[in-house]
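Here the structure is laid out as C-alpha cells; the discussion comes afterwards.
Since this is a predicted model, take the numbers as computed values, not measurements. Heavy atoms only: backbone and side chains are in, while hydrogens, waters and symmetry mates are out.
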Amino acid sequence: RSSSEPRQRPEYVRKMSVLDINAPYIPITVGSNVCFPPSGTTPIIFIFGGPGSGKGRIVANLRSMFGMKLISAENIVLKYLPKKVQHFITLSTANDIAELVKREPSHVPLDWVLRLIQHIIMADPHHVYIVDLIPNLKWLVRNTSLVKECAAELAAFEEKTPASFAIHLSLTEDSLNKTLDYSHKVVCVPQGATVADEADSTRTKRRFQLHEGAIQPFLTYFSSLGRLVTMDVSSGASEPIWDCIHKFFIDQSLPAQVLVDSVVVFAMDGLQAGNLNLTNCDLTPIYLRDVVQDPHAPLETLIEAIYEQLHKLAGLHPYFVVDPEGTSVMSAVIPQRGDKMVVFSDVPDKEEGCINKFAVKLNLLVGGLKPYFKCLSCSHDITLLFPSNVPDDLCHHIAFLLATNHSARVIA
C-alpha cells in the first residue's frame, strides 16, 4: 500500500447505537500520514467545509474544548488588504474591498495570504491552530488568484510551518437539498414568504457548488500526501458528528480544556433504581463520596467537586452520571437568592422529544421515559437530567452552582 493511501479508522467512530438507537453512522477516512506533530512543533490543521456542513459549530467547539486558535483567510483579507494598498487607494468599507478585488484579483494572491497566516503562527507558536482557508464571501471564492492550483504555494508555506493535516467535512449536494427541504417543512414561514425562502435555498445551493469547486485543489494536495481526514457529514446529525470529531482529537492525545456539549445525569437514588438502567449506559460514573473529603460538606463544596471531576474527564467522554449516595446533596438547605440572574433554563416537557431525546440518546431506561427525568440547561455546554422526584429548587440550585463553576473556568 502506498504511503498516501487512506485507511479506514472505524475506531474513531463512536458506537452510536450505544448512545442513540437512531443515530446515523458517521464515516471517517484518515490518511496514512495523519498525526499530531512531536512536542515543540506547532500543530496546524486546515479545515474545509461548505454551506450546510456545520463547520462553524465544529470550529467553535474545537476552540472551546481544545483551546485552538482560529485563523480565517477571509478575515485576513478584510484586515490586511486596506493596509497593503493604502499608498494608492483608500478602502474604508468591506464593499470598497470587494469592488477592488473584483476589478483587480491580483491584489489577493494565495501566497500573500499564506505568508500572513505564517507570520501569525510564527509570532505565537505555542498553540494549536485551525486554518479556515476558503472564504465564505462569493467575491473572494471566485478570485482566481486566491482559489487556484495551490501545490507550489502550500509547499512553500510548509517549508517553515508544516501543516499537520487537513479535515474535509464532506457533504453531497443531494444531502444538502434534503436538509434544506426538511428545514422548510419544520420552520413556520409567514404567508407570502415562500418565494424569498426558495430564493434563499437557491443561493445556498449555488454557494455550495462554488465552494465544492474551490476546495478541490487543496483536497488533492493534502490527499496526495496522505494527510487528509474526510468525514461524511451528510446526515446533518450535529451531535453524532461532533462526538466523532471529539473522539478523533482525543485519540490524537490532545488535552481538553473545558466541557462542550456534555450531558450530566444525577442518579439521586444510585445507579440502579426502579426502571433506571444507568450501569449499562455509555456514561462515565462519578461517585461523589469518593472524590470529596467530607461527604456532608455544604452543597457548594460538593458541586465544586463534581465540576472538577467533569472538567478532569472532559477529554475522555461527554456523558456522565453522578451518584451522590452517601453525601448530603439531597438534604442540602437551599438558600434564598435575591438576584434575578438566570443561569439555567427549564426545558419544557411540551417540546416534542425533549426528555426522550436525552433519555433515548443515553440509553437510560428499560421502561418508560418521561416519568423519570426533568431536564435543565445550566449553560449552552452542559445539560442536566434529574429524576422527576427531585425538588425543583434543588435542581435549580445545582444548575446555578455548576454554571458558576463553568463560567469561572471558561473565563479563566
Side-chain angles (χ1 to χ4, degrees), residues 4 31 33-34 37 41-50 55 59 68-91 93-169 207 210-230:
S4 63
N33 293 323
V34 169
T41 304
T42 303
I44 303 169
I45 303 157
F46 285 77
I47 189 164
F48 301 96
K55 180 180 67 176
V59 168
M68 294 185 183
K69 299 289 185 181
L70 172 65
I71 300 178
S72 163
E74 181 175 298
N75 290 345
I76 282 177
V77 172
L78 294 175
K79 179 177 179 179
Y80 289 101
L81 185 58
K83 299 178 182 178
K84 180 184 179 185
V85 300
Q86 62 185 348
H87 297 299
F88 61 88
I89 189 173
T90 299
L91 302 178
T93 67
N95 189 59
D96 292 340
I97 298 173
E99 291 303 316
L100 174 65
V101 172
K102 289 175 186 177
R103 291 195 311 269
E104 302 179 56
S106 60
H107 282 302
V108 189
L110 177 60
D111 60 342
W112 172 70
V113 172
L114 287 173
R115 283 198 304 272
L116 289 172
I117 292 173
Q118 189 174 68
H119 291 161
I120 293 171
I121 294 171
M122 293 177 68
D124 190 10
H126 305 297
H127 296 284
V128 178
Y129 284 94
I130 187 160
V131 179
D132 187 3
L133 192 57
I134 304 301
N136 292 316
L137 293 170
K138 185 166 59 177
W139 52 268
L140 271 178
V141 181
R142 287 178 170 169
N143 187 313
T144 54
S145 293
L146 176 63
V147 178
K148 57 191 284 292
E149 289 300 324
C150 58
E153 289 86 347
L154 283 174
F157 172 85
E158 291 203 87
E159 287 179 4
K160 292 183 179 179
T161 46
S164 304
F165 53 87
I167 297 174
H168 176 211
L169 304 174
R207 285 178 55 224
L210 183 62
H211 184 275
E212 286 299 293
I215 66 175
Q216 292 310 312
F218 300 91
L219 299 183
T220 298
Y221 175 83
F222 285 103
S223 179
S224 68
L225 298 172
R227 287 190 274 138
L228 182 65
V229 178
T230 302

Are side-chain heavy atoms of Leu219 and Gln216 found at a separation under 4.5 Å?
yes

Under a 4.5 Å cut-off applied to non-hydrogen side-chain atoms, are Pro82 and Ile97 in contact?
yes

Please test Ile117 against Ile120 for side-chain contact (heavy atoms from CB on, under 4.5 Å), starting from the C-alpha separation and ending with a verdict.
CA-CA 5 Å; Ile117 292 173; Ile120 293 171; 5.6 Å; no

List the atom of [X], the atom of [Y], and the distance in Å for their closest heavy-atom pair.
| X | Y | answer |
| --- | --- | --- |
| Phe218 | Leu146 | CZ-O, 4.2 Å |
| Asn143 | Pro105 | ND2-O, 3.3 Å |
| Cys150 | Tyr221 | SG-CB, 4.3 Å |
| Trp139 | Ala94 | CZ2-O, 4.4 Å |
| Pro43 | Ser164 | CA-OG, 3.5 Å |
| Asn33 | Leu225 | ND2-O, 2.9 Å |

Going from [atom1] on [X] to [atom2] on [Y], what distance comes out if it is rounded to the nearest 0.5 angstrom?
| X | Y | atom1 | atom2 | answer |
| --- | --- | --- | --- | --- |
| Leu91 | Glu99 | CG | CD | 11.0 Å |
| Thr220 | Ile215 | OG1 | CD1 | 9.5 Å |
| Leu116 | Leu81 | CG | CG | 10.0 Å |
| Ile44 | Glu158 | CD1 | CD | 8.0 Å |
| Glu149 | Leu110 | CD | CG | 11.0 Å |
| Leu210 | Arg142 | CG | CZ | 5.5 Å |

According to side chain to side chain donor-acceptor pair (under 3.5 Å), who are the partners of Lys69, at least two apart in sequence or on a separate chain?
none

When you measure from the side chain of Glu153 to the backbone of Asp111, do you find a donor-acceptor pair of N or O atoms at a distance under 3.5 Å?
no

Side chain to side chain contact (heavy atoms under 4.5 Å, CB included) partners for Glu104, two or more places apart:
Leu100, His107

Listed partners of [X] passing ring pair (Phe, Tyr, Trp, His ring centres under 6.0 Å), at least two apart:
| X | value |
| --- | --- |
| Phe165 | Phe36, Phe248 |
| His211 | none |
| Phe46 | Phe157, Phe222 |

Can you confirm whether more than 12 heavy atoms, excluding those of Lys84, are under 6.0 Å from its NZ atom?
yes

Do other residues, nucleotides or ligands put more than 12 heavy atoms under 6.0 Å from Lys148 NZ?
yes

Name the atoms and distances for all side-chain donor-acceptor pairs under 3.5 Å in residues 122-135, with sequence neighbours left out.
{"residue": "Asp124", "atom": "OD2", "partner": "His127", "partner atom": "NE2", "Å": "3.0"}
{"residue": "Tyr129", "atom": "OH", "partner": "Asp124", "partner atom": "O", "Å": "2.4"}
{"residue": "Asp132", "atom": "OD1", "partner": "Lys55", "partner atom": "NZ", "Å": "3.0"}
{"residue": "Asp132", "atom": "OD2", "partner": "Lys55", "partner atom": "NZ", "Å": "3.2"}

In sequence, state the C-alpha distance, the side-chain angles, and the governing distance for Ile71 and Ile76, and then conclude on side-chain contact (heavy atoms from CB on, under 4.5 Å).
CA-CA 8 Å; Ile71 300 178; Ile76 282 177; 3.6 Å; yes

